[in-house]
Amino acid sequence: QQALQRSHVRKADRLVWLQRRLAQLHPGVALRQRAQRLDELEQRLERAIGQHLRHGHSVLARHTAHLRQASPALRLISARNRLESARIAIQRVVHRRVERARARIELAAGRLNAVSPLATLQRGYAIVSNAAGDVVTDATTLRSGDTIHARLAQGQFAARVDVVADDRSQEKT
């Protein structure tokens with residue numbers, strides 16, 4: 001009876017083992033295990049793709065920023081700004097120089113006008129010249145009957161010398 005019980009227990013254990021083994025070898029179990037493995041691989045693939053895409057976006061963003069910084073358009077804008085600043089600075093310098101030159105010219109014109117024979121004429125004097133066109137500065141160089149020309153502020157005329165008087169001789173007496 002004990003031998004039979006032991007044999008029965010062994011055969012029951014063997015049956016349980018065979019049932020488990022059969023359950024493990026069942027195509028549905030293998031299919032469920034493979035489906036679970038497939039789900040795990042699918043999740044890993046999705047994570048890897050997501051990580052790869054995030055890395056790609058990061059690299060793309062860095063390259064885009066680098067391209068924007070190295071863009072000829074930005075350098076062109078910067079060059080245009082520098083050119084405009086230089087143009088304004090040059091205009092200021094030229095304007096200052098022109099104003100200084102204008103002031104110097106006006107000053108020189110004032111000085112020149114002060115010593116100009118034409119300014120003297122405006123004050124009521126005349127420029128007298130002999131027939132040869134030489135300016136007469138001494139009355140003793142003239143003789144009665146000489147033709148002289150007088151230039152005034154407004155026009156000129158010719159005249160004939162009648163009398164020559166020496167102012168120096170009148171001052172002595």
Expected output: side-chain Asn130 to main-chain Gly133 donor-acceptor under 3.5 Å:
yes

Any side-chain heavy atom of Leu15 sitting closer than 4.5 Å to one from Gln19?
yes

Of all the heavy-atom pairs spanning His149 and Ala158, show the shortest one and how long it is.
ND1-CB, 3.7 Å

Side chains of Arg62 and Ser58: donor-acceptor distance under 3.5 Å anywhere?
yes

Keeping Arg160 on the side-chain end and Gly145 on the backbone end, is there a donor-acceptor pair under 3.5 Å?
yes

State, yes or no, whether a side-chain contact exists between Leu121 and Leu152 at a heavy-atom distance under 4.5 Å.
no

Under 3.5 Å side-chain donor-acceptor pair for Ser78 and Arg82
yes

For a 4.5 angstrom cut-off between non-hydrogen side-chain atoms, does Glu42 reach Leu38?
no

Would you indicate whether the side-chain heavy atoms of Leu142 and Val136 approach each other to under 4.5 Å?
yes

Could you tell me whether the side chains of Arg87 and Gln91 share a donor-acceptor contact shorter than 3.5 Å?
yes

Report yes if some heavy atom in the side chain of Val59 is under 4.5 Å from a heavy atom in the side chain of His55; otherwise report no.
yes

Measure the shortest side-chain to side-chain distance between Glu46 and Ile49 over non-hydrogen atoms and say whether it is less than 4.5 angstrom.
no

Do you know the tightest heavy-atom contact between Ala153 and Gln122?
CB-NE2, 3.8 Å

